[in-house]
Every structure is written in structure tokens, then in C-alpha cells.
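The structure appears below as C-alpha cells.
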Amino acid sequence: MISLTRDECRVLGVLVEKALTTPGQYPLTLNSLVLGCNQKNNREPVTNLGEERVYDAVDALRKKGLVREAMLSGSRVSKFRHVARETLGVTTEELVILTELLLRGPQAIGEIRGHASRMHPLESIESAQSLVDGLMRRPDPAGPMVKEIPPLPGQRAKRYVQLFCPDLHPLDHAPRGSAASTEDDEPARAGAHEAAGELAARVALLEGEIDSLKVAIRKLAASMGEADPLD
């Protein structure tokens, strides 16, 4: 199976997320990738990656066949897109589950379903569980991409973690803002997560629009021979 570093996990997760939540702003420039990596919502942990680290991660992901540079007519800056679905041999539903685990860390199935649905709908808890089970039973040569880990202390819900970078997140506490589910109140919690997912999608759309405005401002300044006003 492909092994990833922490920075590579964050960059790949952002590319998949933005492709699905803000398709109008995709593929991403390096600047947009940096902003996506360091945003505060839907991230665990929150990071402060610079352009050099993000570019190094992009370069490494290109060598691993997970990212490509997008050649767009009329574009003056490099843009990047993921090819994770093809390289990993997964469906879109499986990919958003993996992305959620890369960006936020270990979660119970209700949390996974609620959070990942902001990128692509997962019909039910049962369908999400079936997808996770499939990712845990992936045959060689890729092998399993997810494994089950024990519930948090005082909880009963099984949790799941990605295997591309096993030490990416600590396994002994829940991500910020999560509500570790119990068997009795799983449907209610899932509904709450779906509502939170809708809000997160709206926030992501606004962030994409802000990125677009910044690009337009920089182009206008450049056409007038002015320095970048956003530096």
C-alpha cells in the first residue's frame, strides 16, 4: 500500500475535498492549496504550513501517482489536481471516507458518515459501514486502507483509522468538536453531523469564492503594474 507523510496526507485530503465541495475553484493553485491546508474548519490538527512544505508534498504526491499538474489554457500559474480515485482503485464514496479520516482523524461510523457527506452523500449508516468494511478487506497488492480501533474510554462505538500514515493522528482522543457516538443514540448524532456537514460545505464554498476574489485582485494588480496587494 502507498505510504504518505503527514504533509502529503493533508495536501491530498485538501485536493479531494475541494474538488467535491468547490468544483468551480478546482484544480487548485499552490496558494489555494496552502489556504486549504491551514483552514481551521474540518481539520485536525490545525496547521500552519508554508508554500515550500506544501509544494514539496505536492511533488512527492506526483511521484507517487496521486497528483498531477493541470495544464489549463490561458492560466499563468500552475494548478494541481488529484488522481487518487484512479491510483487507489476506489469509488467516490470510498474516497470521501478516506479523505475524512485523513483530514480529521479516527472517528465512529456515524461521525464518518455525517462529516464525509459534505463532500459526497452517503445514504445511510449501514451503507457507510459497508464501505468501511470493504476498505478494511481490500485485497493485495493495495491491501487494507482502514482498520478498526477500540472505542474511546467511556464510549461503546467502534472507531476507524486510515492506514496510509498510521501515526498521523493520536488514537486516544476524539477530534475537536466531535461527538463520539453510542449504539443507542447513533441516528440522532448522525443527523446532527449531517447538519454540521451542510454548514461546513457552505463555509467551504465561501472560502472558495474568497480564493477566487483574491486571484482576481492579484490579476488586476498585475495588469496595472502594481505590487501584489495581498502580500
Side-chain angles (χ1 to χ4, degrees), residues 2 4-87 95-96 98-105 115-116 118-120 164-165 168-169 175-176 197 199-231:
I2 295 174
L4 301 177
T5 67
R6 292 171 182 264
D7 289 354
E8 291 164 15
C9 288
R10 178 58 58 93
V11 168
L12 181 60
V14 169
L15 283 169
V16 175
E17 176 196 59
K18 299 304 183 185
L20 294 168
T21 60
T22 57
Q25 311 305 322
Y26 185 82
L28 300 184
T29 63
L30 181 60
N31 181 62
S32 294
L33 254 178
V34 172
L35 292 173
C37 287
N38 296 332
Q39 72 181 52
K40 293 180 172 58
N41 59 305
N42 303 310
R43 302 289 184 268
E44 178 70 24
V46 173
T47 58
N48 186 28
L49 303 182
E51 284 193 1
E52 185 175 351
R53 280 181 62 178
V54 172
Y55 183 80
D56 287 346
V58 168
D59 193 45
L61 288 167
R62 290 171 65 182
K63 294 174 181 176
K64 294 175 182 180
L66 290 165
V67 168
R68 291 179 184 169
E69 184 172 350
M71 308 302 294
L72 302 180
S73 177
S75 177
R76 296 183 179 180
V77 295
S78 297
K79 294 189 176 184
F80 305 97
R81 64 183 181 91
H82 77 86
V83 285
R85 187 185 297 104
E86 297 83 353
T87 299
L95 184 60
V96 296
L98 292 171
T99 299
E100 179 58 33
L101 296 176
L102 288 173
L103 291 178
R104 291 180 62 109
H115 289 139
R118 68 191 173 86
M119 293 179 275
H120 185 84
F164 298 104
C165 182
L168 180 60
H169 298 94
R176 292 175 300 112
L199 176 60
R202 293 191 187 117
V203 171
L205 179 60
L206 288 173
E207 289 173 341
E209 291 175 349
I210 291 172
D211 286 350
S212 181
L213 286 172
K214 287 180 177 179
V215 170
I217 290 170
R218 287 191 167 101
K219 286 183 177 179
L220 179 60
S223 69
M224 299 174 64
E226 300 289 341
D228 188 340
L230 301 179
D231 277 348

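Hydrogens, waters and symmetry mates play no part in the numbers below; they use all other heavy atoms, side chains included. Predicted model only: the values in this text are computed from it and were never measured.
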Ring geometry between His82 and Tyr26 (parallel below 30°, tilted from 30 to 60°, perpendicular above 60°) =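 Tyr26 and His82: tilted rings.
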
What's the verdict on side chain to side chain contact (heavy atoms under 4.5 Å, CB included) for Phe164 and Leu12, showing C-alpha distance, side-chain angles and the deciding distance?
-> CA-CA 11 Å; Phe164 298 104; Leu12 181 60; over 6 Å; no

So how far is it from [X] [atom1] to [Y] [atom2], rounded to the nearest 0.5 Å?
| X | Y | atom1 | atom2 | value |
| --- | --- | --- | --- | --- |
| Cys37 | Leu49 | SG | CG | 5.5 Å |
| His120 | Glu100 | NE2 | CD | 14.5 Å |
| Leu28 | Leu15 | CG | CG | 5.5 Å |

Decide side chain to side chain contact (heavy atoms under 4.5 Å, CB included) for Thr87 and Ile2; before the verdict, give the C-alpha distance in whole Å, the side-chain angles of both, and the deciding distance to 0.1 Å.
-> CA-CA 10 Å; Thr87 299; Ile2 295 174; 4.0 Å; yes

Could you list the residues that satisfy side chain to side chain donor-acceptor pair (under 3.5 Å) with His169, not counting sequence neighbours?
->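 Expected list: none.
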
Residues two or more places apart in sequence or in another chain: which of them pass side chain to side chain donor-acceptor pair (under 3.5 Å) with Thr47?
->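 Per chain and number, Thr47 pairs via side chain to side chain donor-acceptor pair (under 3.5 Å) with Arg10, Asn38.
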
Return the set of residues passing salt bridge (Lys or Arg N to Asp or Glu O under 4.0 Å) with Arg62 (not counting sequence neighbours), or none when no residue passes.
-> Glu69

Side-chain contact, heavy-atom cut-off 4.5 Å: Ser78 with Leu30?
->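 Ser78 vs Leu30: side chains apart.
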
With the side chain counted from C-beta on, respond yes when Leu20 and Thr99 share a heavy-atom pair under 4.5 Å apart, and no when they do not.
-> no

Return each pair, listed once, that meets salt bridge (charged side-chain N to carboxylate O under 4.0 Å, His left out) where at least one residue sits in residues 50-59; pairs must be two or more places apart or across chains.
->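 Non-adjacent pairs meeting salt bridge (charged side-chain N to carboxylate O under 4.0 Å, His left out): Asp7-Arg53, Asp59-Lys63.
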
For the residue pair Leu103 and Asn42, what are the closest heavy atoms and their distance?
->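 Taking Leu103 first and Asn42 second, the nearest heavy atoms are CB-O, 3.8 Å.
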
Identify the heavy atoms of Arg104 and Arg43 that sit nearest to each other, and give their distance.
-> CG-N, 4.3 Å

Dump the intermediate steps for side chain to side chain contact (heavy atoms under 4.5 Å, CB included) on Leu102 and Val16, then the final yes or no.
-> CA-CA 11 Å; Leu102 288 173; Val16 175; over 6 Å; no

Excluding sequence neighbours, so at least two apart, what forms side-chain contact (heavy atoms from CB on, under 4.5 Å) with Arg85?
->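 Only Thr92, Leu95 meet the side-chain contact (heavy atoms from CB on, under 4.5 Å) criterion with Arg85.
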
Kindly determine whether Leu4 and Lys64 satisfy side chain to side chain contact (heavy atoms under 4.5 Å, CB included), including the steps that lead there.
-> CA-CA 9 Å; Leu4 301 177; Lys64 294 175 182 180; 4.1 Å; yes

